Amino acid sequence: QKALTRMPTNIEFWDSYGWALFKRGEVEKGINILEIAIQREGAHPEVYEHLGDAYASVGRQREAIYMWKRALFYKDIGLGVKDVEKIESKITESSLR
């Protein structure tokens, strides 16, 4: 939170804060922060993946799949092969539900 007050345009700070909230069990707060990160210019594919994971955790499968597909769309700016495979697997698993 302190970092965001100093550098409110830093996408990585928004992502880290939202992801930390999510991992601590504050899922809705985490989702809200990750949604803000997505709305900011220059969102990284990892932010889309994190928001997809958060959506999936609360049963929002369609939105999760959409976010994971967005992450893959931007894969050239920061995803490795293992990341791509992991996201593709999440999409396949969620589509089967």
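These numbers were taken from a predicted model, which means no experiment stands behind them.
Here the CD1 atom belonging to I65 is positioned 9.0 Å from the OG1 atom belonging to T92, to the nearest 0.5 angstrom. Rounded to the nearest 0.5 Å, atoms OG (S94) and CZ (R62) are 12.5 Å apart. F73 CZ to K69 NZ: the interatomic distance, rounded to the nearest 0.5 Å, is 13.5 Å. Remark: S16 OG to I33 CD1 distance equals 12.0 Å, nearest 0.5 Å.
Looking at every heavy atom in both residues, I11 comes nearest to H44 through CG2-N, 4.3 Å. The two residues A54 and I31 come nearest to each other via the heavy atoms CB-CG1, 3.6 Å. Residue A64 comes nearest to A56 through the heavy atom pair CB-N, 3.7 Å, listed as atom of the first residue, atom of the second, then distance. The two residues A37 and W14 make their nearest non-hydrogen contact at CB-CB, 3.6 Å.
Under the rule for a salt bridge (charged side-chain N to carboxylate O under 4.0 Å, His left out), the partners of R24 that lie at least two apart in sequence or sit in another chain are E26. Partners of S89 by side chain to side chain donor-acceptor pair (under 3.5 Å), not counting sequence neighbours, listed by chain and number: E93. Under the side chain to side chain donor-acceptor pair (under 3.5 Å) criterion, Y66 pairs with no residue at all, not counting sequence neighbours. For F22, the ring pair (Phe, Tyr, Trp, His ring centres under 6.0 Å) test picks out W19, with sequence neighbours left out. Applying the side chain to side chain contact (heavy atoms under 4.5 Å, CB included) test to N32 and every residue at least two apart in sequence or in another chain returns E35. For the salt bridge (charged side-chain N to carboxylate O under 4.0 Å, His left out) test, residues two or more places apart in sequence or in another chain that qualify with E63 are R60.
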Donor-acceptor list for residues 46-53 side chains, cut-off 3.5 Å, not counting sequence neighbours:
unit_1: E49; atom_1: OE2; unit_2: K86; atom_2: NZ; d: 3.3
unit_1: E49; atom_1: OE2; unit_2: K90; atom_2: NZ; d: 2.7
unit_1: H50; atom_1: ND1; unit_2: D15; atom_2: OD1; d: 2.7
unit_1: H50; atom_1: ND1; unit_2: D15; atom_2: OD2; d: 3.3
unit_1: D53; atom_1: OD1; unit_2: W68; atom_2: NE1; d: 3.0
unit_1: D53; atom_1: OD1; unit_2: K90; atom_2: NZ; d: 2.8
unit_1: D53; atom_1: OD2; unit_2: K90; atom_2: NZ; d: 3.0

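In this structure, V27 and S57 have side chains that are in contact, with non-hydrogen atoms separated by less than 4.5 Å.
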